[in-house]
Amino acid sequence: MTTIDADRWLEIDLYWFDNVDLAGSVMGFWNRFAPLIHGVDGWRGVIVNSGWLADQVLDWRGDLDEPIPFPSGLGKDKFFPDNSPLLGTEEQRRAGWHARFDERGERNTDGYQRWTYRQLGELAELLRRVAADAFGIEGVRIGTFVIGWDSIYACEPSAWSKRHPEAFFKGSWVDRLFNVIARLDADPIATAAFPDGIEQGLPISRFFGQQWGHLSKSVGLDAIVLRDSMIGQGIYERLGPWGAKAPADPALVAEWGDATAALVRETKLAAPEALVIGYSNAASAVADWRVNCVDLESIAHEGYLDAWIDQTWAGAWNEVGQREDLFWNLPLQGWTNQLGFVLLRAAALAGSPVRHYVLTETFDAWESWDIIHTAPERLRWGIWAYLHAFIKTPDGLTAPRGTYISWLNQGNRLLTEGDVAFLAESINAATADARDTTEVFGPTAVYSRAAMEWQTANAPEADIKEWIDEQIGFLAKFGVPVSSVTRAEHLSSVDSDYLIVQTPNHLPEAQIERILERIDAGLPTMVTGNPGGGFDPRIAAAVGLSGDGDRAGERKTTAARGAIVGDDIPAEFATVHPSSINHAADHVDVLYSVDGSPALVRSGSVAAWDPADVQHRVIVYSGQWDFGSHNPDQSVRDLMGSAYPFLIPAREINRVLAEHAAVSVADVAADSPVAVAAWRTSAGVRVLVGEVEEGFRTTTDGTWPVTVRVPHLSATVQTDLTYGQSRLFTVTAEGVAASWG
């Protein structure tokens, strides 16, 4: 059997198991899912959702025969019966969306059986023993997860949260979120770790950690995933404990960050043998610190966090008609944007002992989407793209360490044997290929850690357009082959075809000098951010774009292309652009302006970009969707303003790549976005292409053409993708061969 050098985690809901026939359930589980971790030689485990909320930890009294305190009134979505994408025109797809949900019954409110903590421990032990004895899989770890909300899926607020309201605060999109800085009120009720009750002022981090330590040892759990709103309270967008911005007081930011680090530390120290695994917010990694007020990098280097899952639920947000209350997708959480988030978190975790995982979605145990059946080729693109998200360091390339597969069940239905074979084959092949990769082509994003540190310590509430992971996510929609990231301090030790540099301001002098050397040499470079605060004055002068800062509360909506931009781009187009007053130097070409203020300029192979904003508030609560000032019935084109503020810089980057004989992509059309990645292995140059976007075209008909130039092999990969299709090609001196698709 081929050995896979990786970690692998499987997620399933406890409600799928039958505690009346526990042995039969466990055997059925492994009969179906053993192929997913056969041959994997890293950490292997199963995470069982045992009730979502943290009450299972917080309200643990120490009696194994007591029932687990499940939420009251949990309701699953109504699962639609068909497993195919919606095709045709927008009108036809909307009709299919309505039919999906109209044909089903009422919302499924089935809950859990009565489970005691002892039965949960028996399940964990059976899962380990049967894996070893019947399937030869030794060392399987069994864990659970908690979320930082007081309710979910319309359930009643948890009993413990009602008793300790000080432990939760009014969130930006969920009613009440875990208050990591809370000190608890006195409580005479005995818990497992505090038999004399809670003393006034006990830090919530200490209480949670001690409760988890007692529970994990008593029940026999090997891991805990600190999921939604436990490490960073705002999720799915740039949100944090204070809303869309951090507070102006750096001391408040530091207090929140220190308390979050304490939560991780206390959780680990209370049960050192159990793994502590973090879970991302499915949104900007830059916002983890800048808005969510959590310095993930510092936490990672403390040594108490064992692993980190990037919540790459791309299809769940990208595919249309998957939710009963929303037809359109959310491009900011789509396939390429999740790639950007993975890359920037890789940069934050670099050099730490934390193992970085990407999530592979299937269908959902509680919600209606079913990506493995409605968009399998997009899913395969995501598996390959995310496992080939590399950080470039002085010691070489590093890719994600493993995969977290979520979920294995939808209701009582398990993934089929065919689904399991598809996942095992795709993940194993992509993992092995990533380990064999020796060179990554295309642009490299540059994370400016020192710039983020200065902003957090001096002006945490300021927005200097530091959201480079969102920006490269939108560039990647239009053929920019970006699959790597590095850190500004590594610039003297790594190579790249093209650098996209995040807000180069307030950096150490050596980093400024390295960037200036590159600009002065005319090497392919783009600096991004608000020139009024995001660019060092010397860099602003070198790239020919300076700014006077923002005018608060004002947003520009009309942009105009420069004379040298292609005729297929209109002379004027819509955009969403926070106001700034920029000035272009005489030596640069202006590629587009917003209300007369230059937004993208170039001189030779060097460019400077003041990007459009793509952040739109999405609030999901009690089944209602609110896009702020936007109607949820509007399409992606409406939400973005237009594709052109991203299409123009994408074409500029590929123009420069082509001029420098690097792997590049021919111009893609605004209504035909295609994602591309390229890297080298012992087998040759791999070229990954995918049609992974919704909302840019009003029909699924036709093709999405893509042409990828591989100059050093005198080769061109040219194909016309159909709707939802992805393909992998291998390019050698002998020619181009399709690997799949």
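The figures here come from the full heavy-atom set of this structure, side chains too, leaving out hydrogens, waters and symmetry mates.
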Ring centroid separation for Trp369 and Phe363, is it under 6.0 angstrom? no
Determine, for Arg93 against Glu694, whether the closest basic-nitrogen to carboxylate-oxygen distance falls under 4.0 angstrom. yes
Between Trp679 and Phe390, does the ring centre distance come in under 6.0 Å? no
Check: Val665 and Val674 side chains under 4.5 Å, non-hydrogen atoms: no
Any luck finding a side-chain donor-acceptor pair between Asp13 and Trp366 under 3.5 Å? yes
Would you check if Leu14 and Tyr112 make a side-chain contact, meaning some heavy-atom pair closer than 4.5 Å? yes
If the threshold is 4.0 Å, N to carboxylate O, is there a salt bridge linking Asp7 and Arg44? no
Against Trp381, only a single residue in Thr336, Leu728, Val689 fulfils side chain to side chain contact (heavy atoms under 4.5 Å, CB included); can you say which? Thr336
Going by an N to O cut-off under 4.0 Å, is there a salt bridge joining Glu470 and Arg238? yes
Cationic tip of Arg697 above Trp704 ring, under 6.0 Å, 45° of axis: yes
Please check: side-chain N/O of Asn281 versus main-chain N/O of Ser229, any donor-acceptor pairing under 3.5 Å? no
Could you check whether any side-chain heavy atom of Phe478 comes within less than 4.5 Å of a side-chain heavy atom of Pro649, counting everything from C-beta outward? no
Indicate the atoms forming the closest heavy-atom contact of Val286 with Asp469, along with that distance. N-OD2, 3.2 Å
Give a yes or no on whether a salt bridge exists between Arg378 and Glu691, defined as a side-chain N under 4.0 angstrom from a carboxylate O. yes
Partner of Thr403 under side chain to side chain contact (heavy atoms under 4.5 Å, CB included), picked from Leu359, Ile427, Asn428, is Ile427
Can we say Arg680 and Asp436 salt-bridge, meaning some charged N sits less than 4.0 Å from an Asp/Glu carboxylate O? no
Flag the pair Tyr357 / Trp308 as yes when at least one side-chain heavy-atom distance between them is below 4.5 Å, and no otherwise. no
What closest approach, in Å, do Ala738 and Arg727 show between heavy atoms, and which atom pair accounts for it? CB-NH2, 3.6 Å
Please determine if Lys76 and Asp364 form a salt bridge, counting it only when a charged side-chain N lies under 4.0 Å from a carboxylate O. no
Do Trp335 and Glu319 have side-chain atoms, one donor and one acceptor, less than 3.5 Å apart? yes
Measuring only between side-chain heavy atoms, which start at C-beta, is Leu397 closer than 4.5 Å to Ile391? no
Validation row: Arg380, Trp740 side chains within 4.5 angstrom (heavy atoms): yes
Side-chain (Thr719) to main-chain (Leu721) donor-acceptor, under 3.5 angstrom: no
Going by atom types only, do Tyr404 and Gln311 share a side-chain donor-acceptor pair under 3.5 Å? no
Does the ring of Trp149 carry Arg227 above it, NZ/CZ under 6.0 angstrom from centre and within 45° of its axis? no
I want to know whether Tyr236 and Trp313 have ring centres closer than 6.0 Å. no
Close side-chain approach of Val717 to Val731, heavy-atom, < 4.5 Å: yes
So do the side chains of Ile277 and Trp9 get within less than 4.5 Å of each other, counting heavy atoms only? yes
Would you say the side-chain atoms of Gln338 and Tyr386 include a donor-acceptor pair closer than 3.5 Å? no
For side-chain contact (heavy atoms from CB on, under 4.5 Å), just list the numbers for Arg8 and Ile405, CA-CA rounded to whole Å, side-chain angles, deciding distance to a tenth of an Å, and then say yes or no. CA-CA 8 Å; Arg8 189 78 49 81; Ile405 301 174; 4.1 Å; yes
